[in-house]
Amino acid sequence: MTSNYVLLKALERANDSLLGLVGEDVDAIEVKSVRTEEAPFLAKIVSKLSPMVGNLMEQRIVDLLDLSAPRGFSWHRQDPGFPDAILADDRLNELTNTGYEIKAWYVLSTEITGRFRESQHLLAEKNINVAVVAWCMSHLIYGKPKILGVLTVSGRELAESRDLHYHQPPDYLIIEPQDTSARTANLRQSNVNGYKLQEADSDPMLLRRARARYSGARYASDPHSPESQAEAADLMNELQYRLDTNFAKIDRVGHPDVEEFKQQVLGSEYLGRTFNHWKNIFRDLNSTTNDMARSHAERLIVDLYGQMVRAEPQTEILVESEDVQ
């Protein structure tokens with residue numbers, strides 16, 4: 001078995017290599033536009049490229065990491081599989097417990113839509129980092145995808161923030177996956193799910209008892225423990241819950257490093273305005289209720305297209321990397 005020290009050093013080297021992505025264009029995709037009349041349409045559809053850009057970034061990241069892999073090791077992409085990039089010990093001909101889950105963030109979207117649902121319990125013996133890769137089109141709504149910044153955080157820490165944020169019995173429960181280790185790899189479960197209480201559909205008397213029983217904050221300290229999971233199962237049997245399809249979005253878990261990175265990216269200037277400002281401009285560009293705001297946005301878009309003719313865009317580069325724990 002590969003020593004944990006060797007694996008952590010390999011992850012440190014990989015974190016440094018990720019910084020080399022910042023400022024790159026993803027050359028495999030290009031959206032062309034020469035008429036300002038196309039801007040409202042493009043502003044609404046460019047975000048739909050996110051899945052494709054994310055997949056291309058995954059492959060680019062694996063290639064980049066493999067260039068700096070320690071002797072006797074190599075990086076491989078897993079699609080499907082967790083994590084997206086995994087380190088292999090070539091001498092032992094086996095995969096290690098070290099890797100990256102990669103989440104692409106289109107900075108003009110309403111939020112970081114990527115989810116992280118891996119069980120905190122199953123991450124305990126692994127060295128998994130989450131890489132959040134911020135990007136936009138080089139000309140904001142057309143051109144090539146440009147990588148603006150990279151943040152790496154511990155998967156265990158992100159899962160801990162997620163569980164502490166969501167698990168609030170009886171109103172909200174997180175349910176750990178069952179033990180599926182005996183199943184074949186493609187049938188094993190590793191994702192946590194979130195469930196919202198359906199108060200109107202629940203028995204009022206049972207709900208009052210549950211609220212009295214679970215009052216206080218003692219259940220928030222260790223939501224994935226066997227005791228908390230047993231209590232959650234009892235609640236699921238007593239009351240009515242609905243699976244939350246928005247559960248575990250990275251933007252909503254309250255991780256301090258993610259929040260800081262997000263604010264830094266959105267507050268940075270690109271083509272003369274912050275991304276926060278550009279988001280408002282493109283929102284106004286498609287407004288059907290505020291003619292004045294739309295007209296102002298249209299004038300700014302005319303300037304943007306003119307600027308693209310005069311010069312290539314310059315970007316302020318943002319990089320953050322958390323030390324490996």
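In this text the structure is predicted, and so the values were computed from the model without any measurement.
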Taking atom CG as the centre, does Asn93 end up with more than 12 heavy-atom neighbours from other residues, nucleotides or ligands that are less than 6.0 angstrom away?
no
Exercise. Are Leu122 and Val130 in one and the same hydrophobic cluster, where Ile, Leu, Val, Met, Phe, Trp and Tyr link if side-chain heavy atoms are under 4.5 Å apart?
Worked result: no
Cut-off 3.5 Å, side chains only: do Ser74 and Asp66 have a donor facing an acceptor?
no
Output for pair (Thr113 OG1, Lys249 NZ), nearest 0.5 Å, gives 6.5 Å
| said: Donor-acceptor pair, distance only, cut-off 3.5 Å: does the side chain of Tyr100 make one with the backbone of Asn15? | reply: yes
| field | Any donor-acceptor pair under 3.5 Å from Ser228 side chain to Ser225 backbone | value | no
Close side-chain approach of Thr98 and Ile128, heavy atoms under 4.5 Å:
no
Indicate whether the side chain of Asp284 and that of Asn290 have a donor and an acceptor atom separated by less than 3.5 Å. no
Pair Glu38 + Lys32, salt bridge at N-O below 4.0 Å:
no
Sorted by chain and residue number, the side chain to side chain contact (heavy atoms under 4.5 Å, CB included) partners of Ala159 (sequence neighbours excluded) come out as Phe116, Gln120, Leu123, Arg162
Problem - Donor-acceptor contact present, side-chain Ser161 to main-chain Gly254, <3.5 Å - result: no
Pair Tyr142-Glu30, side chain to side chain contact (heavy atoms under 4.5 Å, CB included): steps then yes or no: CA-CA 7 Å; Tyr142 68 98; Glu30 184 172 9; over 6 Å; no
Checklist entry - Within a radius of less than 6.0 Å around CD of Glu37, do more than 12 heavy atoms belonging to other residues, nucleotides or ligands occur? => result yes
- Task: State whether Glu111 and Arg252 are salt-bridged, where the test is any N-O pair (Lys NZ or Arg NE/NH1/NH2 against Asp/Glu carboxylate O) under 4.0 Å.
- Result: yes
Is there a donor-acceptor contact under 3.5 Å linking the side chains of Gln59 and Asn55? no
Original post:
Are any side-chain N or O atoms of Tyr106 and backbone N or O atoms of Lys48, one a donor and one an acceptor, separated by less than 3.5 Å?
Top reply: no
Grouping ILVMFWY residues whenever side-chain heavy atoms fall under 4.5 Å, the cluster of Ile86 otherwise contains Leu95
Trp278 vs Phe282 aromatic rings, parallel, tilted or perpendicular, using cut-offs 30° and 60°?
parallel
Checking side-chain polar atoms at under 3.5 Å, does Ser119 have a donor or acceptor matched by the opposite partner on Glu176? yes
* **NZ/NE/NH1/NH2 to OD/OE distance under 4.0 Å, Arg60 and Glu58** => no
Checklist entry - Ion pair present between Arg77 and Asp84, side-chain N to carboxylate O less than 4.0 angstrom? => result no
On a heavy-atom basis, the closest approach of Thr96 and Leu87 is OG1-O, 2.7 Å
Mark yes or no for whether His167, through its side chain, and Leu173, through its backbone, hold a donor-acceptor pair below 3.5 Å.
no
task = Evaluate whether atom NE2 of His165 has more than 12 neighbouring non-hydrogen atoms of other residues, nucleotides or ligands under 6.0 angstrom away.
result = yes
**OP:** Please assess Glu101 against Lys103 for the test side chain to side chain contact (heavy atoms under 4.5 Å, CB included), listing each intermediate value before the final yes or no.
**Re:** CA-CA 7 Å; Glu101 183 72 359; Lys103 304 295 182 182; 3.5 Å; yes
Original post:
When you check the side-chain N and O atoms of Ser202 and Gln240, is any donor under 3.5 Å from an acceptor?
Top reply: no
Apply side chain to side chain contact (heavy atoms under 4.5 Å, CB included) to the pair Leu164 and Glu160, showing each step before the final yes or no.
CA-CA 6 Å; Leu164 291 175; Glu160 181 179 358; 4.0 Å; yes
- Would you indicate whether the side-chain heavy atoms of Met137 and Leu42 approach each other to under 4.5 Å? no
side-chain hydrogen bond (donor to acceptor under 3.5 Å, both in side chains) filter on Tyr172, not counting sequence neighbours, yields Asp244
Salt-bridge criterion met for Lys146 and Glu24 (N-O under 4.0 Å)
no
To the nearest 0.5 Å, atom OH of Tyr305 lies from atom CG of Asp303 at 13.0 Å
Item checked: Asp171 and Lys196 ion-paired at < 4.0 Å -> no
